[in-house]
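Here the structure is laid out as structure tokens; the discussion comes afterwards.
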Amino acid sequence: MNRVQKIAWLLVITISVAVLLTGGAVGILYLKLGMPKALAGLGFLGITGFGGLGPLIFRKDKDAVTCDERDKLINRRAALAGFGAAYMVVGLACMVPFFVLGPNANISVTWLPMIFMGAGLSSFFTHSVAILIQYGRGKRL
């Protein structure tokens with residue numbers, strides 16, 4: 001397993017744990033305290049910050065070749081997949097309220113940071129999963 005795969009695994013694990021804990025916390029707090037206070041559960045999304053430490057945890061090998069043409073192609077395809085996922089999240093966040101609430105509805109701007117965060121998380125998660133899938137294709141059991 002190379003450095004890029006280790007970083008991708010770290011991102012997949014941290015994002016998954018953070019989203020599951022956040023969903024659980026918001027759900028439990030919503031049932032106990034109501035919605036404005038339930039948003040305190042979004043603090044668990046801070047766990048995703050540990051994924052950003054991947055390049056510091058997994059250092060580059062000084063002797064080995066760090067990346068070749070195949071690695072660059074895998075990263076390019078994964079970046080395009082991440083962009084597509086983020087674009088889909090923003091598109092759904094724009095169009096679902098339009099069709100559900102109607103064209104004359106008003107939406108608070110407090111939703112904008114959550115849309116931005118959702119697009120970012122989906123981009124990084126999809127990028128990491130795409131990297132793992134593409135590196136896994138070469139190995140047949």
Side-chain angles (χ1 to χ4, degrees), residues 1-62 64-141:
M1 184 179 311
N2 66 19
R3 178 177 183 256
V4 175
Q5 289 174 294
K6 292 176 186 175
I7 293 171
W9 270 115
L10 181 64
L11 281 169
V12 166
I13 291 168
T14 56
I15 291 172
S16 299
V17 167
V19 168
L20 290 174
L21 286 176
T22 299
V26 169
I28 291 169
L29 290 173
Y30 175 72
L31 293 174
K32 298 288 183 188
L33 303 172
M35 186 37 109
K37 292 182 181 180
L39 294 178
L42 293 175
F44 282 111
L45 287 176
I47 294 172
T48 59
F50 290 116
L53 298 175
L56 298 175
I57 296 170
F58 305 111
R59 296 277 182 189
K60 292 181 182 178
D61 294 334
K62 293 181 178 154
V65 175
T66 56
C67 82
D68 58 4
E69 293 83 17
R70 178 176 174 255
D71 296 326
K72 290 179 184 176
L73 182 63
I74 286 174
N75 192 34
R76 182 176 180 274
R77 288 179 183 162
L80 287 172
F83 170 77
Y87 192 80
M88 183 182 69
V89 166
V90 172
L92 287 173
C94 293
M95 297 310 292
V96 168
F98 176 78
F99 288 114
V100 171
L101 301 174
N104 296 327
N106 293 324
I107 298 175
S108 174
V109 295
T110 57
W111 286 97
L112 295 177
M114 288 188 223
I115 294 169
F116 183 73
M117 189 172 22
L121 285 176
S122 66
S123 175
F124 279 103
F125 186 80
T126 305
H127 183 267
S128 298
V129 169
I131 284 175
L132 294 173
I133 288 172
Q134 291 180 67
Y135 275 113
R137 281 188 188 163
K139 298 178 183 175
R140 300 286 181 219
L141 297 176

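Sequence positions, counted from 1, serve as the residue numbers for this chain. Here the structure is a predicted model, which is why all the values come from computation and not from measurement.
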Shortest non-hydrogen contact between A18 and F44, atoms and distance: CB-O, 3.5 Å
Side chain to side chain, N2 and Y135, heavy atoms closer than 4.5 Å: yes
4.5 Å side-chain heavy-atom contact, F125 and V19: no
Value rounded to 0.5 Å, distance of CD1 in I47 from CD1 in I13: 13.0 Å
side-chain contact (heavy atoms from CB on, under 4.5 Å), paired with V17, selected from T14, L20, L21: L21
Flag, side chain of S123 to backbone of A119, donor-acceptor distance under 3.5 Å: no
M114 side chain reached by W111 side chain, heavy atoms, under 4.5 Å: yes
Neighbour count above 12 (heavy atom, 6.0 Å) for F50 CZ: no
Distance in Å, I133 CD1 paired with I74 CD1, rounded so as to fall on 0.5 Å steps: 11.5 Å
Flag side-chain contact, heavy atom, 4.5 Å: I131 against V4: yes
Interatomic spacing from CZ in F98 to CE in M95 - rounded to 0.5 Å: 6.0 Å
Heavy-atom closest pair, residues G118 and V89: C-CG1, 3.9 Å
Distance in Å, D71 CG paired with R76 CZ, rounded so as to fall on 0.5 Å steps: 15.0 Å
L45 CG to T22 OG1 distance, which is reported to the nearest 0.5 Å: 3.5 Å
Closest non-hydrogen atom pair between L29 and A38, with its separation: CB-CA, 3.6 Å
For A81 against A130, the heavy-atom pair lying closest together: CB-CB, 4.2 Å
Verdict with supporting geometry, F124 and T48, side chain to side chain contact (heavy atoms under 4.5 Å, CB included): CA-CA 10 Å; F124 279 103; T48 59; over 6 Å; no
Nearest atoms (heavy-atom pairs only) where Q134 meets R70: O-NH2, 3.9 Å
Nearest heavy-atom neighbours spanning L132 and Q5: CD2-O, 3.8 Å
Distance in Å, L11 CG paired with H127 NE2, rounded so as to fall on 0.5 Å steps: 9.5 Å
